[in-house]
Amino acid sequence: MAAQNLQSVPDQPAAPGAAAPAADQGQAQLEAEGQAYFDRVISEDSRIEPRDWMPAAYRKTLLRQISQHAHSEIIGMQPEANWISRAPSLKRKAILMAKVQDEAGHGLYLYSAAETLGQSRDQMMDDLIAGKARYSSIFNYPALTWADMGAIGWLVDGAAICNQVPLCRASYGPYGRAMVRICKEESFHQRQGFEILLELSNGTPAQKQMAQDAVNRWYAPALMMFGPPDDDSPNSKQSTAWNIKRFSNDELRSRFVGMMVEQVRVLGLTLPDSEVRFNEDTRKWEHGPLDWNEFKEVLAGRGPCNSQRLERRRQAHDDGAWVREAAAAYAHKQSMKTKEFAA
Amino acid sequence: MSPHGNPEVPASSATEINREAPKASPAAAPAETTGNAWGLWEVFVRSSRGLSHVHAGSLHAPDAAMALRNARDLYTRRNEGVSIWVVPADAIASSDPDAKGSFFESPQGKDYRHATYYTKSEGVKHL
């Protein structure tokens, strides 16, 4: 099938059992039946599959979330790919390559899941390259030292796992299945980052300082990966009602802080946040204020590396054009040969 | 296992057989475009000998050979498989999700097809 035959998100979702062109009234009834079926599946905490009827807004929300997630994986290859050639040992090079390859794979799983909602992968990639699509703000920060590979793995992938584990139970089947696969692979990412930091922390004073500096720079951006505070997150309520989102941004952020408090001790480093504490009343971890203006600026395209990341993606896409064309041409030629032989 | 569906095409109740993916238009031959027309393939992986192939996901590829290679790189990076099938998505016929009632009606109410229906033999050994 040709991917471009897929249309963009339809405003009017397909009605169940729509056979002959129905009158408006019949259409309305089908919509109502579809909605009732959808509501029942959601209330039973069951899963919606691609060809089920679903509200247009549900489809749109998922398409936005899954495609942004896919873009984040693809752009997320860059900060680490930059360090493959400078990794301190052959082992570290191999590990970093495996990790970057995983990110590419995760992006592909997610594009596949998004495609089931009716938008082609090519369209999504074009949107990314054209700067029309968003991706996680975290990848617009620079990876300055080798210790950043440790901090990214430990903090950034750690935050991602925290976010992603509940998404394995998202109500949309293909998204949940993609997340299960991703989460299985992601834990190696966090552990290898932790190990890098641990080795540096136990190294020379300069190495330890480098590790601490990386943690200092990545801590706040990692906490902001969970999204804006609950009282400033307009879409969260609906996503929760649809069983896409299982825990609020602040809830997940608080859990993450608690885990980091434990782990940073093992590393022999500190979190750059004097206000981290466990609130006995709410039984939740609390952290110092985060710069949400910075978050909005980075998201709006004005972060330290936004244009660099997008330019690199564009260049990679252009550089790979001849490979895609050659493969398609070869496939076409082979199929012609097969046809001739059969004739 | 319900891979890809086109939300633009309502699942028709007129027929019980549906194509999972929209069919390619004849005009969209891969070589005519700039490589953007790679077809969609569904990937099935046998995780070890003795088990059946299970749907793992999907991918885009220009032909079967590339689909297999891509599937290996995408779905078996950690020894997840000993054998892979790739199938063009539009070659898969599937039942209509909206025909659930009628299509799967037959087994309903036929408890006697299950061993648990027969309770009088409870306690009798090796039965």
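What you are looking at is a predicted structure, and each value in this text was computed from that prediction instead of being measured. A, B, ... follow the sequence lines: proteins, then strands. Residue 1 opens every chain.
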Taking the six-membered ring for Trp, is the centroid-to-centroid distance between A:His71 and A:Tyr111 below 6.0 Å? yes
Side chain, backbone, both or neither: which part of A:Gln334 has an atom under 4.5 Å from a heavy atom of chain B? neither
Quick one: do A:Arg177 and A:Glu49 make a salt bridge, cutoff under 4.0 Å? yes
For the CZ atom on A:Arg191, are there more than 12 heavy atoms of other groups (residues, nucleotides or ligands in this structure) within a distance under 6.0 Å? no
Distance-minimising heavy-atom pair for B:His53 and B:Ser83: NE2-OG, 2.7 Å
Hey, what's the ring geometry for B:Tyr75 with A:Tyr109, parallel, tilted or perpendicular (30° and 60° as the breaks)? parallel
Salt bridge between A:Lys99 and A:Asp157, side-chain N to carboxylate O under 4.0 Å? yes
Parallel under 30°, tilted from 30 to 60°, perpendicular over 60°: which one fits the rings of B:Tyr112 and B:Tyr117? perpendicular
Residues of residues 118-127 of chain B contacting chain A, heavy-atom criterion under 4.5 Å, by residue number: none
Below 4.5 Å from any heavy atom of chain A, which atoms of B:Ala56 appear? Answer side chain, backbone, both or neither. both
Closest non-hydrogen atom pair, A:Ser171 against A:Tyr58: OG-OH, 2.8 Å
Salt bridge check: are A:Glu186 and A:Arg181 linked by an N-O gap of less than 4.0 Å? no
Is atom CZ of A:Phe188 surrounded by more than 12 heavy atoms (other residues, nucleotides or ligands) closer than 6.0 Å? yes
Which members of residues 101-108 of chain A, sorted by number, sit under 4.5 angstrom from chain B on a heavy-atom basis? A:Gln101, A:Asp102, A:Gly105, A:His106, A:Leu108
